[in-house]
Every structure is written in C-alpha cells, then in structure tokens.
Amino acid sequence: MKKVASLKRIAELSKKTKSNKKTVGLILGSFDILHMGHIHLFQFAKKNVDLLIVGLDNDQTIKNTKGEPRPINSYKRRSNFLSELSSVDYIFQITKVFKHGDNTSFTFLENMVRKINPTHILTSINCDGLWKEKRNFAKKLGIKFIPDKSKTVTHSSEILKKIEANL
C-alpha cells in the first residue's frame with residue numbers, strides 16, 4: 001500500500017473513513033530525526049483512532065523554524081521512514097513554507113485541518129511547543145483533541161547534542 005498521498009487524496013480518505021463511522025486522527029510535525037518518542041506518539045495515536053494520518057513539514061519550513069543544519073533528513077527520507085511504521089496509515093507533505101509560531105502558520109494549519117476534517121488531532125504535550133494552539137483550533141473546529149501526556153520524552157535536539165559532543 002502506498003502511504004504517501006496528496007492533501008486532496010488525504011481529504012478524500014478522511015471523508016470516506018468518516019462516512020463508514022470510523023475515526024480519523026491527524027498528527028502534524030517534522031519528525032526529522034525519528035526516535036522512540038515519535039514511535040510512542042504514533043502508537044498512542046493509533047490506539048485512539050481507526051485511520052492515522054501524519055502531515056510532514058517541508059524541508060524549508062523546518063529550516064525556517066529550527067535553523068541550520070536542519071532538517072537532517074529530507075522530506076523524502078522522513079516520509080520513507082514513516083511509511084515503514086504500521087501505526088501510520090497515510091502521510092502527506094505540508095507544502096506551504098512558513099515558520100512555526102508565526103501568525104500566518106496558525107491560519108494556514110487551521111485551514112489545512114478544515115480540508116482534512118479529521119475526528120481527532122493528537123500530539124505530545126511534552127514535546128510539541130504548539131500543542132495549546134492545536135488544542136484551540138481543534139476546539140474551534142469541533143475536533144476532539146487527544147494529548148499524549150507521556151513523561152517519556154526524547155527531543156531531536158538532545159540527540160543532535162549527544163552526536164556533536166562525540167565528534
């Protein structure tokens with residue numbers, strides 16, 4: 001099964017899944033350096049929804065948000081990694097370039113979520129600095145927000161620091 005799809009196709013899949021009385025979960029992020037915190041989030045999400053969709057930031061948005069030398073892995077590599085996970089059903093690229101936290105980013109993300117119209121938005125409150133904004137626009141759109149409150153936290157920046165320290 002091909003897991004990478006266009007936003008248009010993702011919206012169609014979401015609508016079809018919901019018409020069959022099943023739940024659709026959406027996770028948004030960069031997932032640049034895949035680690036156990038990410039794996040846990042995807043597993044947590046899949047336990048709560050029937051269809052799990054992951055929206056992946058484009059490379060320039062990651063660079064704008066996290067600075068150089070990010071991303072470490074290109075969109076193509078990140079989507080290939082996520083395609084191998086059984087908990088992830090579909091992946092799409094967030095093509096608009098922005099910097100997370102900017103006012104325009106919230107408007108864009110909210111409009112994108114409206115197109116997909118999932119039943120649930122999921123994220124890790126210990127890793128996602130924008131979880132409150134996601135919660136707020138989920139509430140505004142009538143979408144259930146499910147936060148993963150797991151204390152087991154890994155950050156890509158911590159992994160990078162350990163690698164740099166050992167070079």
Side-chain angles (χ1 to χ4, degrees), residues 3-11 14 24-42 44-45 52-85 87-118 120-141 143 145-148 150 153-167:
K3 291 188 177 188
V4 178
S6 68
L7 178 58
K8 181 180 178 184
R9 177 73 178 129
I10 293 295
S14 177
V24 177
L26 178 63
I27 295 177
L28 304 170
S30 61
F31 308 106
D32 184 19
I33 302 171
L34 196 60
H35 54 70
M36 285 310 298
H38 295 142
I39 303 297
H40 174 82
L41 174 62
F42 299 134
F44 167 82
L52 181 59
I53 298 167
V54 177
L56 273 178
D57 289 326
N58 63 69
D59 294 345
Q60 189 60 51
T61 291
I62 295 171
K63 190 177 298 292
N64 292 349
T65 303
K66 298 185 179 195
E68 293 286 344
R70 307 294 290 277
I72 301 300
N73 291 296
S74 68
Y75 166 79
K76 183 173 182 174
R77 290 184 75 176
R78 291 180 287 124
S79 63
N80 284 338
F81 293 152
L82 295 186
S83 291
E84 292 300 320
L85 300 178
S87 54
V88 174
D89 294 305
Y90 288 97
I91 302 151
F92 72 97
Q93 183 178 28
I94 302 170
T95 57
K96 179 156 178 69
V97 175
F98 55 88
K99 181 178 181 181
H100 282 287
D102 288 351
N103 289 335
T104 57
S105 70
F106 298 122
T107 302
F108 169 75
L109 290 172
E110 185 177 312
N111 289 334
M112 184 184 61
V113 170
R114 281 182 198 273
K115 287 179 187 171
I116 298 168
N117 195 21
H120 298 73
I121 292 178
L122 304 103
T123 195
S124 168
I125 63 170
N126 291 311
C127 295
D128 186 347
L130 301 173
W131 74 267
K132 290 178 184 174
E133 289 81 0
K134 291 176 183 177
R135 178 194 62 196
N136 292 344
F137 71 68
K139 183 177 180 181
K140 179 179 174 182
L141 299 174
I143 298 169
F145 179 77
I146 302 181
D148 178 4
S150 171
V153 177
T154 306
H155 295 279
S156 299
S157 57
E158 293 171 5
I159 294 170
L160 281 176
K161 285 178 187 174
K162 286 180 182 178
I163 292 170
E164 289 172 356
N166 289 309
L167 291 179

* Name all residues meeting the side-chain hydrogen bond (donor to acceptor under 3.5 Å, both in side chains) criterion together with T123; count only those two or more places apart in sequence or in a different chain, and write none if there are none. => D128

* Evaluate the side-chain proximity of V4 to F92: yes if any heavy-atom separation is below 4.5 Å, no if none is. => no

* To do: Would you list the pairs meeting salt bridge (charged side-chain N to carboxylate O under 4.0 Å, His left out) in which at least one residue belongs to residues 95-107, sequence neighbours left out?
  => none

* To do: Please round to the nearest 0.5 Å and tell me the distance separating atom OG1 of T65 and atom CG of D32.
  => 11.5 Å

* Asked: Could you give the distance from CD (Q93) to OG (S79), rounded to the nearest 0.5 Å?
  -> 8.0 Å

* Report the residues that fulfil side-chain contact (heavy atoms from CB on, under 4.5 Å) with K115, sequence neighbours left out, ordered by chain and then residue number. => L7

* Structure fact -> Residues at least two apart in sequence or cross-chain that pass side-chain contact (heavy atoms from CB on, under 4.5 Å) with T107, listed by chain then number, are N111

* Asked: Are side-chain N/O atoms of D57 and H100 paired as donor and acceptor at under 3.5 Å?
  -> yes

* Shortest non-hydrogen contact from I33 to I72? -> CD1-CG1, 3.9 Å

* Say you draw a straight line from CZ of R9 to OH of Y90; how long is it, rounded to the nearest 0.5 Å? -> 6.0 Å

* Does the side chain of M112 come within less than 4.5 Å of L28's, by heavy atoms? -> yes

* Please report the C-alpha distance between I27 and I53 in whole Å, then the side-chain angles of each, then the deciding distance to 0.1 Å, and finally whether the side chain to side chain contact (heavy atoms under 4.5 Å, CB included) criterion is met. => CA-CA 6 Å; I27 295 177; I53 298 167; over 6 Å; no

* Got a donor-acceptor contact below 3.5 angstrom from the D148 side chain to the I125 backbone? -> no

* Drop me the distance from L26's CG to L122's CG, to the nearest 0.5 angstrom. => 8.0 Å

* To do: Not counting sequence neighbours, which residues clear side-chain hydrogen bond (donor to acceptor under 3.5 Å, both in side chains) with R114? List them please.
  => E110

* CG/L56 to CG/N73 distance, rounded to the nearest 0.5 angstrom? -> 11.0 Å

* Structure fact -> Residues at least two apart in sequence or cross-chain that pass side-chain hydrogen bond (donor to acceptor under 3.5 Å, both in side chains) with H120, listed by chain then number, are none

* Structure fact -> With sequence neighbours left out, the residues meeting ring-ring contact (aromatic ring centres under 6.0 Å, His included) with F108 are F98

* **Closest approach of G101 to F106 (non-hydrogen atoms, all atoms of both residues)** => O-CE1, 3.6 Å

* To do: For N58, check side-chain hydrogen bond (donor to acceptor under 3.5 Å, both in side chains) against everything at least two apart and list the hits.
  => T61

* Output all residues satisfying salt bridge (charged side-chain N to carboxylate O under 4.0 Å, His left out) with K63, sequence neighbours left out; order by chain, then residue number. => E68

* Asked: Considering only heavy atoms from C-beta outward, does the side chain of V113 approach that of P118 to under 4.5 Å?
  -> yes

* Structure fact -> On a heavy-atom basis, the closest approach of N126 and S150 is ND2-O, 2.6 Å

* Structure fact -> Applying side-chain contact (heavy atoms from CB on, under 4.5 Å) to A138 and not counting sequence neighbours gives I121, I143, F145

* Asked: Do Q60 and N64 have a side chain donor and acceptor closer than 3.5 Å?
  -> yes

* To do: For the pair S83 and V88, evaluate side chain to side chain contact (heavy atoms under 4.5 Å, CB included) and give the outcome as yes or no after the intermediate values.
  => CA-CA 7 Å; S83 291; V88 174; over 6 Å; no

* Asked: Would you call R135 and P147 a side-chain contact if the rule is heavy atoms closer than 4.5 Å?
  -> no

* To do: Heavy atoms only: give me the nearest A5-I10 pair and the separation to one decimal.
  => CB-CD1, 3.9 Å

* To do: May I have the step-by-step check of salt bridge (Lys or Arg N to Asp or Glu O under 4.0 Å) for D89 and K3, ending in yes or no?
  => CA-CA 6 Å; D89 294 305; K3 291 188 177 188; 6.0 Å; no

* Please name all residues satisfying side-chain contact (heavy atoms from CB on, under 4.5 Å) with K8, sequence neighbours left out, ordered by chain then number. => S6, E12

* Name all residues meeting the salt bridge (charged side-chain N to carboxylate O under 4.0 Å, His left out) criterion together with D59; count only those two or more places apart in sequence or in a different chain, and write none if there are none. => R78

* To do: Evaluate the side-chain proximity of Y75 to I62: yes if any heavy-atom separation is below 4.5 Å, no if none is.
  => no

* To do: Could you tell me the separation between the SG atom of C127 and the NE2 atom of H40, rounded to the nearest 0.5 Å?
  => 9.5 Å

